[in-house]
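Inspection log for the structure reproduced underneath, given as structure tokens.
Basis for what follows: all heavy atoms, side chains included, without hydrogens, waters or symmetry-related copies. In the text below, chain A, chain B and the rest are named by the order of the sequence lines, each starting its count at 1.
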There are 2 protein chains.
Amino acid sequence: MAGVKNNRRVQYTKQVIKQSFLKILEEKDISKVSVKEICELADVNRGTFYLHYQDSNDLFNQIEDELIASVMPILQIEGEGFIHVWLSKLIHLLNENRTVSRIILTDYQNSRLVKNVFAEVQNMAMRDFSKDFKENDPRILNFYFVFFVQGSIGTILEWLKDDAGVSEQELTDALTKVLERISILGLKHV
Amino acid sequence: MAGVKNNRRVQYTKQVIKQSFLKILEEKDISKVSVKEICELADVNRGTFYLHYQDSNDLFNQIEDELIASVMPILQIEGEGFIHVWLSKLIHLLNENRTVSRIILTDYQNSRLVKNVFAEVQNMAMRDFSKDFKENDPRILNFYFVFFVQGSIGTILEWLKDDAGVSEQELTDALTKVLERISILGLKHV
DNA sequence: GGATGAAATCAACATGGTGTTGATAATTTC
DNA sequence: GAAATTATCAACACCATGTTGATTTCATCC
């Protein structure tokens with residue numbers, strides 16, 4: 001029973017495809033990247049691509065999955081001042097995967113990453129909003145939450161696109177400060 | 001000198017094309033709409049389309065231009081409690097052009113509409129942020145502003161996608177309340 | 001180190017959208 | 001009704017897609 005599935009060869013091929021894709025994405029909008037282009041840069045036959053991925057969308061989803069997998073552990077952090085720690089680690093990770101993160105956050109509407117991250121804090125946030133805004137209507141509360149989520153994502157995204165010389169630390173502090181100002185999450189100490 | 005440019009015929013053709021495009025956009029992602037499809041629904045020859053527009057992107061830009069033209073007068077409003085009036089009118093207008101607005105706000109990164117709207121308030125906001133957050137670094141201040149813009153856009157967008165039974169009035173009030181809470185724009189009375 | 005089977009290559013194909021062109025027909029306006 | 005503009009039509013070359021079948025390459029196990 002030689003000739004085993006998921007060879008080193010497969011691993012290599014997949015990795016070359018991913019790297020080539022990401023390289024192209026650094027300079028080109030994702031909607032304009034063709035499978036042909038990816039394969040040419042990766043020096044892989046186009047048929048080989050379709051052997052592993054349905055299309056370029058499928059490829060990107062797999063890349064997103066990997067990022068999600070590395071983000072999930074962060075979400076488990078708890079305890080005193082956890083929001084600051086949490087944000088700090090999240091921002092660091094996204095920054096390390098800037099190209100992918102930028103695309104994911106730009107299309108946050110359909111992002112599973114974003115859904116995962118914020119599902120984690122939604123309940124807690126809603127409870128605090130309820131107190132702070134003296135608002136009981138869950139329909140309205142939900143829009144407050146959306147404001148907070150979109151504000152955070154948008155800020156991080158903007159920073160990923162151009163940090164303007166602002167460090168991870170500075171961004172984390174600033175974001176924490178705004179969130180504190182909206183006074184959600186009962187965050188009193190940062 | 002008969003046979004004048006920009007006939008009724010031209011006007012009709014352009015309008016049919018726009019309407020068909022918007023109709024398709026209600027049910028389909030913009031990146032998947034082909035020129036062929038638009039022309040078939042509009043019952044217009046594909047060559048005719050290219051007579052008026054470079055491509056489907058160009059078509060969408062022209063539609064966005066029209067929306068921008070109708071939004072600009074709103075930005076001129078001033079005086080006591082203007083933010084509330086301002087938001088109220090803006091939200092109403094976007095809601096009346098939901099399909100276009102949704103697409104524009106989803107791609108707010110490249111949206112000229114968004115740029116126009118927020119360029120109008122940026123200076124004022126930055127000044128107030130500076131006071132409220134006791135922050136002088138313009139790099140950091142800018143990220144505060146981004147948070148506020150993205151939060152607002154994201155909230156309106158979410159509402160456009162699914163109002164959850166929330167009225168224009170309720171959304172306007174809620175948004176004003178959050179902005180007040182971040183205590184920007186010196187907004188004390190709503 | 002040779003056999004084995006998985007994976008990659010290659011060429012070819014049908015499909016479908018793109019953007020353009022040149023001749024012809026229809027329509028608007030005067 | 002004449003003149004100018006606009007729309008139609010058919011045809012074209014072009015390019016990316018996704019699939020197929022035959023063939024070669026290669027990693028792994030014994």
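- Summarising the geometry, the separation between CZ on A:Arg46 and P on C:dA12 is reported as 14 Å, rounded to the nearest angstrom.
- Taking atom OH of B:Tyr50 as the reference point, atom C1' of D:dA13 lies 14 Å away to the nearest angstrom.
- Taking only side-chain nitrogens and oxygens, A:Thr13 comes nearer than 4.0 Å to OP1 or OP2 of C:dA8.
- One interatomic measurement links the two molecules: CG of B:Asn45 to C1' of C:dT20, which rounds to 12 Å at whole-angstrom precision.
- Nearest nucleotide to the B:Lys36 side chain, out of D:dA16, D:dT8, C:dG17: C:dG17.
- With D:dT17, D:dT6, C:dG17 as the choices, the nucleotide that has an atom nearest any side-chain atom of A:Val35 turns out to be D:dT17.
- Looking only at side-chain heavy atoms (C-beta outward), A:Phe118 and A:Ile153 come within less than 4.5 Å of each other.
- Among the nucleotides D:dT6, D:dT17, C:dA8, the one closest to the side chain of A:Thr48 is C:dA8.
- Looking at every heavy atom in both residues, B:Val146 comes nearest to A:Thr155 through CG1-CA, 3.8 Å.
- Between B:Arg112 and B:Asp65 there is a salt bridge, since a side-chain N of the basic residue sits under 4.0 Å from a carboxylate O of the acidic one.
- Whole-Å rounding puts the A:Tyr12 OH to D:dT25 C1' distance at 14 Å.
- As a whole-Å value, the separation of B:Gln11 CD from C:dT27 P is 17 Å.
- Atom CZ of B:Phe49 is separated from atom P of C:dT20 by 12 Å (rounded to the nearest Å).
- With hydrogens and angles left out, the side chain of B:Arg9 and the base of D:dT6 share a donor-acceptor pair within 3.5 Å.
- Both A:Ser56 and B:Leu51 lie close to DNA chain D; mapped to their nearest nucleotides by heavy-atom distance, the more 5′-ward contact belongs to B:Leu51.
- Ring centroids of B:Tyr144 and B:Phe148 are separated by 6.0 Å or more, keeping the two rings apart.
- Considering all non-hydrogen atoms of both residues, A:Ile38 and A:Ser56 come closest at CD1-CB, 4.4 Å.
- The shortest distance between the side-chain N/O atoms of B:His52 and the OP1/OP2 oxygens of D:dT6 is not below 4.0 Å.
- Rounded to whole Å, the distance from CD1 on B:Ile38 to P on C:dG19 is 11 Å.
- Rounded to whole angstrom, the span from the NZ atom of B:Lys32 across to the C1' atom of D:dA16 amounts to 15 Å.
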